[in-house]
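Source: prediction; values computed, not measured. Position 1 is the first residue of the sequence, and the numbers go up from there.
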Amino acid sequence: MLIRHGDNEYTSQGKLAGWTPGVHLNQKGKEQAAKLAEYLDLTRIAAIYSSPLLRTIQTAKPLAKAKGLTIRKCSGVAEVRYGSWQGQTLKTLRRRKLWHTVQHRPSAAAFPNGETIRHVQIRAVDAIEKVSALHTKYTVVVFSHADVIKMILAHYLGMPLDLYHRILIGTASISDLILNIGKPMVIGTNRTLEEQRGRSIWDHA
């Protein structure tokens with residue numbers, strides 16, 4: 001089970017948070033985290049993993065408390081390192097030449113002083129495979145970020161990386177994978193506990 005972090009001031013202001021320190025959930029995000037814990041109350045969960053960034057940890061905490069589980073930090077599903085793009089508004093970034101590549105040929109995109117999108121997908125899928133191998137036949141929850149979740153889902157859907165923006169992942173949304181039982185299967189994406197418009201991270205960072 002893949003869950004995106006809750007709402008925060010960067011998502012609401014259209015800014016690219018990346019690895020900016022101290023980006024925490026706003027009131028809406030805290031409410032989303034609480035609702036997630038309530039929604040998953042009857043779900044048997046073996047382990048909870050999270051990107052090490054504050055906003056994902058905060059989203060995971062209510063569920064971890066309710067289940068009596070420790071949050072295991074997993075750098076493999078951490079946010080993209082956007083380099084010099086970090087902290088900037090999407091309105092500003094849309095004027096960059098690189099924007100077109102990121103949108104239409106992301107497999108060839110490399111962020112200045114940051115990561116390539118191709119590398120992010122590789123490290124994220126590697127992390128999911130390792131987590132899955134540790135918990136065969138059990139439900140595991142992984143808290144991560146929009147683009148990272150989209151890249152993971154694209155891999156298991158057999159979708160080219162250049163098309164991953166077609167997958168929509170809203171804040172605090174749930175996406176479901178089945179691994180280790182025959183062929184991998186994506187059984188649901190972008191399930192939200194409230195009606196919201198799921199959009200790409202490039203529409204709301």
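Remark: Arg105 engages no residue in a side-chain hydrogen bond (donor to acceptor under 3.5 Å, both in side chains) (not counting sequence neighbours). With sequence neighbours excluded, the residues satisfying side-chain contact (heavy atoms from CB on, under 4.5 Å) with Ile57 are Ser50, Lys61, Ile71, Lys73. A search for side-chain contact (heavy atoms from CB on, under 4.5 Å) contacts involving Thr89 returns Lys15, Lys91, Thr92, not counting sequence neighbours. Residues satisfying the side-chain contact (heavy atoms from CB on, under 4.5 Å) test with Ala37, not counting sequence neighbours, are Pro62, Leu63. Applying the side-chain contact (heavy atoms from CB on, under 4.5 Å) test to Ser144 and every residue at least two apart in sequence or in another chain returns Val77, Val148, Ile149. Listed by chain and number, the residues in a salt bridge (Lys or Arg N to Asp or Glu O under 4.0 Å) with Arg123 are Glu115 (sequence neighbours excluded). With sequence neighbours excluded, no residue forms a side-chain hydrogen bond (donor to acceptor under 3.5 Å, both in side chains) with Asp126. The ring pair (Phe, Tyr, Trp, His ring centres under 6.0 Å) check on His100 picks up His104, with sequence neighbours excluded.
The other residues sharing a hydrophobic cluster with Ile181 are Ile178, Met185, Ile187, where clustering joins ILVMFWY side chains under 4.5 Å apart. Listed by chain and number, the hydrophobic cluster partners of Trp19 are Leu53, where partners are ILVMFWY side chains within reach of under 4.5 Å, directly or through others.
Tested against Thr171, the residues Lys28, Arg4, Gln32 include a single side-chain hydrogen bond (donor to acceptor under 3.5 Å, both in side chains) partner, Gln32.
Using a 4.5 Å heavy-atom threshold, the side chains of Ser175 and Leu153 count as touching. In this structure the side chain of Val142 never reaches within 4.5 angstrom of the side chain of Ser51, judged on heavy atoms. Residues His145 and Thr56 have side chains in contact (heavy-atom distance under 4.5 Å, counting atoms from C-beta outward). Counting only heavy atoms from C-beta outward, the side chains of Val125 and Tyr156 approach each other to under 4.5 Å.
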Point to revise | side chain to side chain contact (heavy atoms under 4.5 Å, CB included) assessment of Phe111 paired with Thr116 | key: CA-CA 6 Å; Phe111 294 101; Thr116 65; over 6 Å; no
Review point. Is there a side chain to side chain contact (heavy atoms under 4.5 Å, CB included) between His5 and Thr11 once you walk through the steps?
Key: CA-CA 10 Å; His5 62 76; Thr11 58; 4.2 Å; yes
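For Asn8 and Asn26, the side-chain atoms include no donor-acceptor pair closer than 3.5 Å. For the residue pair Tyr164/Asp147, the side-chain donor-acceptor check at 3.5 Å is satisfied. Under 3.5 Å, the side chains of Gln88 and Arg96 contain a donor-acceptor pair of N or O atoms.
Listed by first and then second residue, the salt bridge (Lys or Arg N to Asp or Glu O under 4.0 Å) pairs involving residues 169-186 are Asp176-Arg191 (not counting sequence neighbours). Each side chain to side chain donor-acceptor pair (under 3.5 Å) pair with one or both residues in residues 132-141, not counting sequence neighbours, appears once here: Tyr49-His135, Ser132-Asn180.
Shown here is Glu38, whose CD atom has no more than 12 heavy atoms of other residues, nucleotides or ligands within 6.0 Å.
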